[in-house]
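All remarks here apply to the structure that follows.
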Amino acid sequence: MKRTSRSEFDFVEGKCAGVALHVQESGDQSASYLMVFLHGGGVSGWMWDRQVKYFVHYHCMVPDLPGHGLSNDDIIFSIQSSAEQLIQLIGEKAGGKKVVLVGFSLGAQVAVQMISLRPALIDFAIINSALVRPMPYAKKWIGPAVRLTFPLIKQRWFSRLQAKTLYLGDEYFERYYAESCRMPPDALIAVLEENMTFTIPAGFSEAAGKILFTVGEKEKAVMKQSAKDLVAASSNCNGVIIPGIGHGVSLARPDFFNQMVDTWVHKGDVPKECKRFDVFFCSS
């Protein structure tokens, strides 16, 4: 592991023993909370920059998932394998700390898998936009569709359209574009197949931590239904709809997101503007 500097804060980065993941650590490593951030598909740990700058009073850990960012070592991504590696990593790093798990999209699915494999490992979780309703026949068309459209990924105008849907501003675009261009077709196919065929795993109902599921009001209906399914799957889960937001609240409204996470961990509550699932689904 090496120490380097970026923006206003220092962090430690490198590969951790026993796992094939590139990991950044920052914040107060003597803190009583370990906060782990899991990024979405097609991006990497840099999507959490505004979170690790805010949570300097936590011990923060930001891995690049297999096939992404600096963990892009010809490893084919799977949710199961990623979850197993992260459980091992947390086991090595937690040392009795309270564990807070934050996941977005693909990282949210990995978080759900982790909780299902080790229900007592995570004390708090904030899981954003986790798809758990598989799309019929997805495996049949993902491969052909990716190979047909893959040349578009290297077109900057196409990447800008994709970045816009994730609320990625100009400060992140070049990194997003470079990482998109580096991802080979087979890796992208594996990510999409895992994402679109994921279901709630056995064991999730045993979740012991306090879990908050969030979804943007402007997201697709299948994302809202997935969040509803997850909340119904365990008595320790709560869910909220975030008004006016699509896919990517942590990037679109980082200050709001940071405060929401802090409030959930320390007070078990959410901002008043959020719509709780029982109210939203009864009125819609």
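Values in this document were obtained by computation on a predicted structure and should not be read as measured data. These values consider heavy atoms only, across backbone and side chains, with no hydrogens, waters or symmetry-generated copies.
- In summary, the aromatic rings of Tyr33 and His266 are positioned with their centroids under 6.0 Å apart.
- Nearest heavy atoms, Glu219 versus Ser129: OE2-OG, 2.5 Å.
- The shortest side-chain heavy-atom distance between Glu194 and Gln109 does not fall under the 4.5 Å cut-off.
- In this structure the side chain of Val215 reaches within 4.5 angstrom of the side chain of Lys224, judged on heavy atoms.
- A donor and an acceptor atom, one from each side chain of Glu84 and Gln80, are located under 3.5 Å apart.
- Within the 4.5 Å cutoff, the side chain of Arg147 has heavy atoms near those of the Asp186 side chain.
- Side-chain contact of His68 with Glu179: a donor-acceptor pair under 3.5 Å is absent, judged by distance alone.
- Side-chain atoms of Leu38 and Val102, non-hydrogen and from C-beta on, never get closer than 4.5 Å to each other.
- Using a 4.5 Å cut-off on side-chain heavy atoms (C-beta onward), Val62 and Val23 make no contact.
- Using modelled atom types and a 3.5 Å distance limit, the side chains of Gln51 and Ser250 yield no donor-acceptor pair.
- Annotation for Ala233 and Ile200: closest pair CB-CD1, 4.2 Å, computed over non-hydrogen atoms.
- To the nearest 0.5 Å, atoms CG (Asp229) and CZ (Phe204) are separated by 11.0 Å.
- Closest approach of Pro119 and Glu206 over heavy atoms only: CB-O, 3.2 Å.
- Using a 4.5 Å cut-off on side-chain heavy atoms (C-beta onward), Leu131 and Met223 make contact.
- Using the six-membered ring where Trp is involved, His57 and Tyr54 have ring planes that are perpendicular, over 60° apart on the 30 and 60° scheme.
- Across Leu251 and Arg50, no two heavy atoms sit closer than the pair O-NH1, 3.6 Å.
- Atoms NE2 and CD, on His59 and Gln29 in that order, are 4.0 Å from each other to the nearest 0.5 Å.
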Checklist entry - Between Ile115 and Ile127, is a side chain to side chain contact (heavy atoms under 4.5 Å, CB included) present by the stated rule, with each step listed? => result CA-CA 11 Å; Ile115 293 167; Ile127 300 178; 3.8 Å; yes
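- Under a cut-off of 6.0 angstrom, the local environment of NZ in Lys97 is crowded, with over 12 non-hydrogen atoms contributed by other residues, nucleotides or ligands.
- Between Asp269 and Thr263, the side chains place no donor N or O within less than 3.5 Å of an acceptor N or O (distance only, hydrogens not considered).
- The structure places NZ of Lys220 at 15.0 Å from CZ of Arg133, a figure rounded to the nearest 0.5 Å.
- Distance check: Asn238 CG to Ile211 CD1 gives 9.5 Å after rounding to the nearest 0.5 Å.
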Item to check | Step-by-step side chain to side chain contact (heavy atoms under 4.5 Å, CB included) determination, Val132 to Gln225 | outcome: CA-CA 9 Å; Val132 295; Gln225 292 298 329; over 6 Å; no
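- A side-chain donor-acceptor contact under 3.5 Å links Ser30 and Asp28.
- A distance-only check finds no donor-acceptor pair linking the side chain of Asn128 to the backbone of Thr214 [under 3.5 Å].
- Contact of the Leu101 side chain with the Met35 side chain is not registered, since no non-hydrogen atoms from C-beta on lie closer than 4.5 Å.
- In this structure, Pro185 and Val146 approach most closely via the heavy-atom pair O-CG1, 4.1 Å.
- For the residue pair Leu86 and Pro63, the shortest heavy atom distance occurs at CD2-CG, 3.6 Å.
- Interatomic distance, Ile79 CD1 to Thr199 OG1, rounded to the nearest 0.5 Å: 9.0 Å.
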Next on the checklist: Quick one, Ile142 with Met196, criterion side chain to side chain contact (heavy atoms under 4.5 Å, CB included). Give me CA distance, side-chain angles, the key distance, then yes/no.
Outcome noted: CA-CA 9 Å; Ile142 287 174; Met196 293 186 182; 3.8 Å; yes
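- Between the side chain of Asn258 and the main chain of Pro254, a donor-acceptor pair closer than 3.5 Å is present.
- Two rings, from His247 and Phe104, have their centers less than 6.0 Å apart.
- The only member of Tyr167, Trp48, Trp46, Tyr177 that meets ring pair (Phe, Tyr, Trp, His ring centres under 6.0 Å) when paired with Tyr172 is Trp46.
- Note: Lys154 NZ to Ser159 OG = 11.0 Å, rounded to the nearest 0.5 Å.
- In the hydrophobic clustering of ILVMFWY residues, with side-chain heavy atoms under 4.5 Å counting as a link, Ile76 and Leu70 come out apart.
- Leu34 is listed as a side-chain neighbour of Val36, based on a closest heavy-atom distance under 4.5 Å.
- Within the 3.5 Å criterion, the main-chain N or O of Gly67 finds no donor-acceptor partner in the side chain of Ser71.
- Under a 3.5 Å cut-off, the side chain of Asn195 and the backbone N or O of Leu106 do not form any donor-acceptor pair.
- Criterion: ILVMFWY side-chain heavy atoms under 4.5 Å apart, direct or through other members. Under it, Ile153 and Trp157 are part of a common hydrophobic cluster.
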Item to check | Residues Ile245, Phe256; criterion side chain to side chain contact (heavy atoms under 4.5 Å, CB included); working and verdict | outcome: CA-CA 12 Å; Ile245 290 293; Phe256 166 85; over 6 Å; no
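- Under a 4.0 Å N-O distance rule, the pair Arg156/Glu174 qualifies as a salt bridge.
- Both Val222 and Phe198 are part of a single hydrophobic cluster, where members link through side-chain heavy atoms under 4.5 Å apart.
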